[in-house]
Amino acid sequence: MKVVGPEEKVKITLKVNGNVHEVEVEPRRLLVHVLRDLGYKSVRVGCDTSHCGACTVMLNGRSVKSCTVLAVEADGAEILTLEGLTKDGKLHPIQEAFTEHHALQCGYCTSGMIIQAYWLLNENANPSEEEIREGISGNLCRCTGYQNIVTAIKAAAQKMRA
Amino acid sequence: MYPPKFGYVIPDTIDEAVSFLKEHEDAKPLAGGHSLIPMLKLRIIRPSYLVEIRRLKELQYVRKEGGYYQIGALTTHYDVVKAGIPLLSDTAARIADPQVRNVGTIGGSVAHSDPAADYQAALIVMDSSVVVYGPKGSRTVNFADFVKDVFTPDLKQGELITEIKVRDFSGYRWAYKKLERKAGDFAIVGVAVLAKKDGDKVTDLRIGLTAVSNKGVRAMEAEKVLIDRTPTEDLIERAAETVMKSIEPPSDLRASSEYRKRAAKVLTRRALTELLR
Ligand SMILES: Cc1cc2nc3c(=O)[nH]c(=O)nc-3n(C[C@H](O)[C@H](O)[C@H](O)COP(=O)(O)OP(=O)(O)OC[C@H]3O[C@@H](n4cnc5c(N)ncnc54)[C@H](O)[C@@H]3O)c2cc1C
Ligand code: FES
Ligand code: FES
């Protein structure tokens, strides 16, 4: 059993996009803040109340809202953020589809939206429009009205199956 | 928003978790954290320690045995959806949004005892029970008795929920109807229905509601309207009307009491029509 006192810090290891980071954190530190401090600025705080999905990252293969996960909970975990989707300067098919289909305006929701789309397409390679809408129901966009996002995810799914 | 300071414990076994919780009055177990962490951020609670039970593998399972499903307390909503349990899986699919379902657990939801939690509607009609483990060993409580009041489970300090048990309702038809203000929100009203027919006749019917009282309620009077009868539009209407008359829902930010009553009637009618007609 491991016990960390209320005034103590704890050393944790996070594997983010393949990079291993060792950091010392207070148990109360939220994962979103630790990731941003490490330089993963695609991970954003929108609502800070688990509703908007701007802070969505992949944690051990499942999408989560990192504003509602403690950094200590993620000790030893594999994390994927938007930065990790781009390989050798080449955009991921979902990122390409978002640009091609104008699926963003201000861009604040976009990194969370794309990670959530990534999770969704892992789960379901050929989602219907309804399944896409349900799949991104935890991600709010105040600009686009969602239509182009849905179109982009559909196009990305098609590209990725090809 | 930052949570207040707390200590953090990672136990290797359930027994270590139980004894630490028992010895520390205001320590709290941390499962998915999707009710706990929002409460910490709002500083509604200030526990001395969080005891991370989330990773205890021995509490993550779904088994089927002797006509019952046994669900480990740390099974996520996502895994409940995947388990294909009559009524319960479809109910879990309506909780919040995918990210929340990826993390939140059934044990955490039952322990939290939110009167608007979706599971409340299903569990109240599924002959469910809750297995509790603590310093004095294990005990099993009927779900209907386990939730005592709003946010008040039958748990003493040091006790953990280890399992939720529900009857296997294969052979029934079921539906969970949820009315929400916006996608991913808690229910304004949720209605879970299990129905069995033999020929034209209804042989069993169970109607459970969430968000209409201090805990999940079963509408027995309404069930009686249809049991042993051949369902007609009139009888369904009467059953839905009976549901409406049998509840005194609270008014809150999401809806007024009057609105909830009418919504409960409409959702019941829709579920019954879909299942019986
Ligand atoms: C944005 C958002 C939307 C949501 N919408 C819905 C919704 O529509 N419908 C719905 O039903 N729920 C909803 N929820 C709640 C969600 O389902 C939670 O996951 C669930 O209520 C709590 O489960 P948890 O595993 O996260 O528990 P935690 O937050 O870890 O724990 C909750 C409480 O239970 C205690 N506890 C946890 N596990 C145990 C155990 N095994 N034994 C004893 N005590 C335990 C904890 O100490 C704490 O007091 C929502 C949550 C969020 C953040
Ligand atoms: S910042 Fe995490 S859900 Fe909005
Ligand atoms: S593009 Fe502005 S919030 Fe989505």
Side-chain angles (χ1 to χ4, degrees), chain A residues 1-10 12 25-33 45 47-77 112 115-117 119-120 123-124 131 133-140 146, chain B residues 1-13 15-17 19-20 23-24 26-27 30-43 46-55 76-79 81-82 93-104 180 182-186:
Chain A
M1 185 162 78
K2 185 166 172 177
V3 179
V4 184
E7 298 296 331
E8 286 171 19
K9 287 190 172 181
V10 52
I12 60 167
V25 296
E26 283 181 278
R28 64 172 173 158
R29 287 274 283 167
L30 298 167
L31 180 60
V32 64
H33 295 136
V45 177
C47 64
D48 207 1
T49 57
S50 335
H51 289 96
C52 75
C55 62
T56 301
V57 300
M58 295 287 288
L59 180 76
N60 288 334
R62 287 191 184 181
S63 60
V64 304
K65 293 176 173 175
S66 61
C67 72
T68 315
V69 175
L70 300 170
V72 279
E73 287 184 83
D75 184 20
I115 291 291
Q116 183 56 19
W119 174 83
L120 174 67
E123 289 285 305
N124 181 350
E131 286 166 337
R133 288 185 182 272
E134 155 57 31
I136 57 167
S137 63
N139 294 72
L140 303 182
Y146 300 99
Chain B
M1 289 188 292
Y2 303 94
K5 285 190 176 172
F6 48 76
Y8 201 76
V9 180
I10 305 174
D12 296 316
T13 63
D15 281 307
E16 281 182 359
S19 57
F20 190 93
E23 282 155 25
H24 296 80
D26 46 4
L30 173 70
H34 272 46
S35 295
L36 198 49
I37 294 173
M39 286 195 295
L40 287 169
K41 285 179 159 188
L42 295 170
R43 311 237 168 169
R46 287 172 180 269
S48 56
Y49 284 88
L50 292 188
V51 178
E52 189 199 279
I53 58 171
R54 185 177 69 91
R55 282 188 264 197
T76 58
H77 308 326
Y78 173 93
D79 287 312
V81 173
K82 294 275 163 176
R94 300 300 311 278
I95 296 172
D97 57 51
Q99 288 100 315
V100 173
R101 293 195 294 272
N102 280 345
V103 183
E180 50 197 358
K182 55 181 168 53
D185 199 12
F186 277 93

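Naming: A, B, ... by sequence-line order, numbering from 1 per chain.
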Leading residue by heavy atom contact count with chain B [cutoff under 4.5 Å; candidates A/V64, A/I136, A/V10]: A/V64
After noting the C-alpha distance and the side-chain angles of B/D97 and A/H51, does the key distance pass the side-chain contact (heavy atoms from CB on, under 4.5 Å) rule? CA-CA 9 Å; B/D97 57 51; A/H51 289 96; over 6 Å; no
Which value, rounded to the nearest 0.5 Å, describes the distance between A/T49 atom OG1 and B/I37 atom CD1? 13.5 Å
Can I get a per-line list of side-chain donor-acceptor pairs under 3.5 Å for residues 66-75 of chain A, giving both atom names and the distance, sequence neighbours left out?
from: A/S66; atom 1: OG; to: A/C55; atom 2: O; distance (Å): 2.6
from: A/T68; atom 1: OG1; to: A/S50; atom 2: OG; distance (Å): 2.9
from: A/E73; atom 1: OE1; to: B/R54; atom 2: NE; distance (Å): 3.2
from: A/E73; atom 1: OE2; to: A/L70; atom 2: N; distance (Å): 2.9
from: A/D75; atom 1: OD1; to: A/T13; atom 2: N; distance (Å): 2.9

Can B/E16 and A/K2 be counted as an ion pair, charged N to O under 4.0 angstrom? no
Between A/E123 and B/R101 (salt bridge meaning N to carboxylate O under 4.0 Å), is one present in this structure? no
Where does [X] contact chain A at under 4.5 Å (heavy atoms): side chain, backbone, both or neither?
X	result
B/L36	neither
B/L42	neither
B/K5	both
B/T76	side chain
B/I10	both

Examine whether an atom of A/E26 lies under 4.5 Å from a heavy atom of chain B, and if so say whether it belongs to the side chain, the backbone or both; otherwise answer neither. side chain
Which bit of A/S137 is near chain B, if near means a heavy-atom gap under 4.5 Å: side chain, backbone, both or neither? both
Do any N or O atoms from the side chain of A/R28 and from the backbone of B/P3 form a donor-acceptor pair under 3.5 angstrom? yes
Mark yes or no for whether A/D48, through its side chain, and B/M1, through its backbone, hold a donor-acceptor pair below 3.5 Å. yes
For the candidates B/H34, B/Q99, B/K182, which exhibits the highest count of non-hydrogen atom pairs separated by less than 4.5 Å from chain A? B/Q99
Tell me, out of B/F6, B/Y2, B/Y49, who's got the most heavy-atom pairs with chain A below 4.5 Å. B/F6
Is a donor from one side chain sitting under 3.5 angstrom from an acceptor on the other, for B/N102 and A/S63? yes
Min side-chain heavy-atom separation A/R62-B/V103 under 4.5 Å: no
Got a sec, which residues hit salt bridge (Lys or Arg N to Asp or Glu O under 4.0 Å) with B/E180, two or more places apart in sequence or on another chain? B/R94, B/K178
